[in-house]
Each structure stands twice: as C-alpha cells, then as structure tokens.
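Note sheet for the following structure.
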Amino acid sequence: MRRAHTHLSAALTAALKAQGVELPTVTLEKPRDPAHGDIATNAALVHAKALKVAPRALAEKLLAELELDPSLLTCEGVAGPGFINFRFASAYLQSLVGQALERSEEFGRSDLLAGKRILIEFVSANPTGPLNVVSARAAAVGDALCRIYRELGAECDGEFYVNDAGNQVDLLGRSVLAQYETLRGNVTEIPEGGYHGEYLNSFARSVLDSSGDVYHDMPEDEAAAALGKLAIEHHIAMHRHSLEAFRVQMSSWFHESALRDKRAEWKALEELERRGAIFEKDGAKFVLTSEFGDTQDWVVVTSQGKPTYFLPDIAYHLDKFHRGYDLILDILGPDHHSYITKMTAAMSALGEDAKRLEIMLLQHITLLRDGEPVKMSKRAGQIIEMDELLEEVGVDAARYFFLLRRTSTPLDFDIELAKRQSDDNPVFYAQYAHARIASIFRRAELEPPTSASHLDLLTHDEELTLLRRLRELNDVLADCADSRDPHALTVWLREVAAQFHRFYHHCRVLTTPAELQTARLCLCRATQIALKRGLALCGVHAPMEM
RNA sequence: GCCCCCGUAGCUCAGUGGAUAGAGCACCGGCCUCCGGAGCCGGGAGCAUGGGUUCGAGUCCCGUCGGGGGCGCCA
C-alpha cells in the first residue's frame, strides 16, 4: 500500500544527490487541499538554503532530474513556495482492489515493526472490587494497541499486573470480616480506610451462606487473612470474566504475590543499594530518584521495615526490562502522573535504559446520561461497573466510543448516543456501511468476488477518492503505532464509510453494464474488507445486516 | 507553591512544522415510481492571549488568562 511512496522517496533521494546534497532528507506528506495532489514533498524547501538557491528553482531542477514510474505516480509540478506535488496514477489506485481481494483478512498487515517486541501493561486494576468504567477505557485502548502492533508485524504482549499482595489484601480481608460479622447480627465497623462497596456486602453474604460461622470461630487476624485471600481470588476471577466479555485478550497475568514469593522486591533493593542509590533517613530507606531526573526522593522501605508499594513496582518493572522488550508501555490513569518520572528515574538508577519504558496517561471519562454527568465516587462505593456499561450499550459501542478521543483528552461517554441506532452514532455509521455492502451482494444474489477484473473501468471521481481512502489504512496504523493511540483509526473508519456512501449514491452498482458492474462490485468488496479490518483492530464486529 | 492534561465553528472534536485550518451534531434548504433515506447534495462561523524560534506555527519554546487533575513512610 506504500509502493508509490517508496518509489517516490527513492527517486527524490537520487535527484537530490545529483544536485549535490550528500544526506538528503525526504519527507512526503499528504497535502491538506486535494487540489494539490496526493503527495507533496518539501525537499526543495529544506535543501535550498544549503545549496544557496531559491527553493522554487531547486524544485524545478529536481523535477527535471526525477525519474518516475508512470504506472504509480504522475507529477503535478512545482507549487507555492517550492513544494513539488504528485498524484497517484489511476492504475495504481485500481490495483489496490486486487490487493484487497487477494489478501482479504491480511489487508492492512505489514512488516513495519517486524522483529520488535512490545509489552503493554494495561488495566491492572486492584483486585479489591469489580472493574469499573475507568478500567474499561484502558482495556479498549490497550487491547486495540496490541492488535495494531501485531498487525504491523510486532510481537506484542498485553499484561495485567495483579496487586494481590501487601497492605490492601489485609485491609480488604478486615473489611469483608466486618461485613460478615454485621450480617451475623454482630454490627461491626468497617476499619479506617477500608472498602465500603456494596459488592463486598454481597460477597460477605455468599461467604456466610457457604461457610457459616467458620470465620467467626477463627482468631481475628487469621480470619481476615483468609477472607482477604478469598476476596482477592474472587475479584481476579471477575476481572478475567469481564475482560473476556469485553473481547480483551491478555497475554499474561503477572501476580505481585509471585514476585514477593521470590523476594524480588528485596533483591531490587539490594541492587539499588549496591549501586549507591539508597539512603536512610528517619529510619526509612529512600531511593535517590532525584539524581536521575525526578524532583524528589521516594521512600521504598518505611521506618517500620515494610516496603512501600513502590518497591515491588520497581521489581516488577525490572522484571519487564529483563524480559528483553524493545518497548515497555504502561497505560495508567491520570492520577499517576508523578509515577512517570519516578519509575523512569528508578530504572535509570538500576542501570537500565529508561528510554525503553514509556508510561502513558489515559485521561479520565465522564459518563453522560441525558446530557448530565453520572456521579461516581469511589470512596462512597458508588461506581459504575464495566459489566453494567457493557450490558447497557453493548461491547461494540463501548469499545468504539472509548477510542473516539485521543488518549490525552478526557472523554465524555454519551450513553444515549451509544445506544442509538442512527447515523449520528459513530459506531453504527461505520458498521452500517459494512452491512450495506453485504446487502448489495445479497440483492444481486452473488457471492463476493475473490479476484478482481475490469478495474480500469473505475475512473469516476468518487471511485478514485474511495480508493485513496482504502490505501491510507497502512499510514493510519503507522500513525497509531507512533502516537500510541488507536484513535486515528476511528477517524479513518468514519471517512471510509462516508466516502463509500458518496460513491454509492453517485455510482450505480447493480443494473449497470456487466463489466462496470463487476468492477464496482470488486470495489465494494474491497471497501467491505477494509472496513472489517479497521473495525476488527478496534475490537468491534462488522455485521452483515443490522 | 510545584507538576501533568486541555483551550480550534453554537456544541463534540480532527488536524503531532507546510500551501486557502477540516468533519460530525445542531440549524436552514433540496433529493425516495431509483441497488438499505440507518443515506446523499448544498448553505455560516473559529485556532484563548502576548512574545519567541523558523523560509513557513493551530502544531515547537517562554509568559499570561481560563478549565480539569495530581503532588503520603496509602495502593
């Protein structure tokens, strides 16, 4: 899908060298104004200064030098301050239909990131309650990114880090125990800082129903520990179930308890000490993150001798580095922003190449119902569970809506809009185009073509514009990969759908001369394949009818 | 006080150093004896602000104003 670009890039490099440029830099871009063609290059503007000539004059010289394959590209001449514009040859655009039909599900695949190993950690919600809608956005984004990186040839793993150790397990156990005792008629206060969610009440009831007084008869510490463990396991199972329903495939679930079993947090501490990156103050141990780019140092072991959450987190990240990934991506909530410099500094302190670690912050979401924000308070236990949202709007709409904004932008999730079956609902608009194509083949009582013919008849403006859109899939995926953000894919899908509808309105498909009909059916099929792939990378189904 | 995100059309947002800044919604007006009208065609207005870097800035840097979030020996 980038043959024309590759060709042009090479041709321009050769032309620049002939003009005496030793290290040509060639950037190709899509002009904003379609009247300027399909590809523009600023090569003349960039290199004019060094060669001491006017940009437009250099552009003319390059043009005279340039050897282009006319089956791929034609030149539109020099324009503006010194841009050179090019246009795709119709034959090249038409050939994309053949590619789509032949490659089918593979349309969009490339080897851009072949050989790269990428790890994306996402969701990683604490197993102290069900997944809520905050995790749902992370799930949608993280999973879509995994799919995109794999589409581009990378080996990409998605990982859930399970915080199943430490203080919160104990606290969770005591909270459950309090609920359990209350249910037995022994009204007990939930401990300070404990968990108040209603879900724990029903969990405590199920424990009481199945185990009776067993936990009442144990010593309190023992009961709390046992109940904590039980509650954690219960929630992990819930998380797995919810994510599966959301079509999120985690490659691995990394348990903090496994790390602690190996004493990995203490080994990380020893390594930091060995490197002189630990100091003691007021009986606590600090890591010298300020020496590695952070504004302050952080406690890793309290004066009570217990590790803070940060120490096992360091051990966990170190483990990720040791697993040899080229890129280690963490997707975290916006409240973790201090974590970026903190963890990066800690990795540097351990002698790792911190550039391999990228921590991205996913901005929060606001659910809107009838235009009004749905109030959520974690402290009061009022949360909207991910499962409830899926139940109400469906997996397709939920996944797609979470990708509609850039990750750096807070997202308003309009529940009514997500449920609406009309063209102002972006997910339905894209899916509808796919279903409409399916209906054309049903109507014609034809199987979709698997090989192309008479493509040279596709010469209408709307046909060629549609082909240009289909070609962009590779570029869009590369953008998503670079920006670590699948959102551009939803923009592309909307544009493909819109352009398909325009084409369909202006160009009759059925009841036209046989050869033209064949060509147009091939174009319809190619569009359908492209839509299906785009939707699949978002984790959304492409229905045949709706 | 320090740090992060954001400020583009009435609203929600694209635009990640290029040429005359684009979509959707909403609003107004057209298009169904015609392959799915869940669609298409046409119509207005805008880069918060002041500097700087650059041949070129919505985009990069600094300041100001406005909105949101974060700064524990909690996780």
Side-chain angles (χ1 to χ4, degrees), chain A residues 27 29 31-33 35-36 40-42 45-46 48-49 54-55 79-83 85 126 128 163 165-169 171 193 256 281-286 294-296 298-310 312-313 333-342 361-364 366 368 371 404-412 414 417 420-426 428-429 431-433 435-444 462 479 482-483 485 487-488 490-492 494-495 497-498 500-512 517 520-521 524 545-546:
Chain A
T27 52
E29 56 192 23
R32 265 209 279 247
D33 186 345
H36 292 140
T41 182
N42 60 0
L45 290 158
V46 174
K49 206 170 188 177
F83 293 102
N85 294 329
N126 286 335
T128 52
N163 288 110
N167 292 339
Q168 62 176 358
V169 180
L171 198 52
E256 181 183 352
K281 191 183 155 196
D282 305 329
K285 289 188 177 178
F286 287 71
D294 205 347
T295 51
Q296 60 174 297
W298 296 91
V299 173
V300 285
V301 181
T302 68
S303 47
Q304 264 72 49
K306 287 166 80 175
T308 64
Y309 79 96
F310 190 37
D313 272 14
D335 50 333
H336 287 75
H337 93 84
S338 63
Y339 202 87
I340 299 176
T341 47
K342 205 163 146 177
L361 301 182
L362 187 59
Q363 293 300 314
H364 58 73
T366 307
L368 298 179
L404 282 173
R405 300 286 173 259
R406 286 185 309 196
T407 54
S408 59
T409 308
L411 172 90
D412 286 335
D414 185 332
L417 180 61
R420 209 176 300 154
Q421 312 224 340
S422 63
D423 60 328
D424 53 355
N425 178 342
F428 271 86
Y429 187 72
Q431 288 180 315
Y432 174 67
R436 195 178 196 182
I437 294 170
S439 89
I440 296 169
F441 291 108
R442 279 197 300 273
R443 172 91 184 193
E462 303 294 358
D479 269 2
D482 275 353
S483 57
D485 194 338
H487 139 268
T490 65
V491 176
W492 176 81
R494 194 192 62 218
E495 284 169 350
F500 175 75
H501 290 311
R502 266 193 290 277
F503 150 75
Y504 190 68
H505 185 78
H506 291 284
C507 303
R508 275 202 79 75
V509 175
L510 304 180
T511 68
T512 52
Q517 171 173 314
R520 285 183 171 165
L521 283 170
C524 286
E545 55 189 321
M546 30 198 317

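In this text the structure is predicted, and so the values were computed from the model without any measurement. To find a chain, count down the sequence lines: A is the first, B the second, and so on, and within it residues start at 1.
- A residue-by-residue look at A:Thr511 and A:Gly80 shows that A:Gly80 has its nearest nucleotide of RNA chain B further toward the 5' end.
- What separates CG of A:Asn42 from P of B:A19 is a distance of 11 Å, to the nearest Å.
- Regarding contacts with the backbone of B:C55, a side-chain N or O of A:Lys49 is found under 4.0 angstrom from either OP1 or OP2.
- A:Phe310 places its CZ atom 13 Å from the C1' atom of B:A75, with the value rounded to the nearest Å.
- Candidate nucleotides B:G36, B:C74, B:G72 were compared by shortest atom distance to the side chain of A:Thr302, and B:C74 ranks first.
- Atom C1' of nucleotide B:G37 and atom OH of A:Tyr504 are separated by 12 Å, given to the nearest angstrom.
- If you check every strand for non-hydrogen atoms under 4.0 Å, A:Ser422 touches nothing.
- To the nearest angstrom, P of B:A23 lies 16 Å from NE2 of A:His487.
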Check nucleotides 4-12 of chain B for protein N or O atoms closer than 3.5 Å to its own N or O atoms and list the pairs.
residue : atom : partner  : partner atom : Å
B:C4    : O4'  : A:His337 : ND1          : 3.3
B:C5    : O2'  : A:Ser408 : O            : 2.6
B:U12   : O2'  : A:Arg405 : NH2          : 2.5

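- Spacing between atom CD of A:Glu29 and atom C1' of B:G56 amounts to 11 Å, rounded to whole angstrom units.
- Judged by distance alone with a 3.5 Å cut-off, a donor-acceptor contact links the side chain of A:Tyr309 to the base of B:A75.
- Using a 4.0 Å heavy-atom cutoff across all strands shown, A:Arg508 reaches at least one base atom of the nucleic acid.
- Rounded to a whole Å, the CG atom of A:Leu362 is 13 Å from the C1' atom of B:G69.
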- Could you go step by step and tell me if A:Tyr309 and A:Asn163 meet the side-chain hydrogen bond (donor to acceptor under 3.5 Å, both in side chains) rule? CA-CA 9 Å; A:Tyr309 79 96; A:Asn163 288 110; over 6 Å; no
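- Considering only side-chain atoms of A:Ala79, the nucleotide from B:A75, B:A19, B:G36 that sits closest is B:A19.
- Stretches of at least 3 consecutive Watson-Crick or G-U wobble pairs, with each checked distance under 3.5 Å, appear in RNA chain B as B:1-7 with B:65-71, B:10-13 with B:22-25, B:27-31 with B:39-43, B:48-52 with B:60-64.
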Please list, for nucleotides 59-62 of chain B, all pairs of protein and nucleotide N/O atoms separated by less than 3.5 Å.
none

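- With hydrogens and angles left out, the side chain of A:Ser338 and the base of B:C71 share no donor-acceptor pair within 3.5 Å.
- Out of B:A38, B:G18, B:C73, the shortest distance to the side chain of A:Phe428 is found at B:A38.
- Protein atom OH of A:Tyr429 is 8 Å distant from nucleotide atom P of B:G24, rounded to whole Å.
- The side chain of A:Asp424 approaches B:C25 more closely than any other nucleotide in the set B:C73, B:A38, B:C25.
- Comparing B:C35, B:A19, B:A23 by their closest approach to the side chain of A:Leu510 singles out B:C35.
- Between A:Phe503 and A:Phe500, a ring centre-to-centre spacing shorter than 6.0 Å is recorded.
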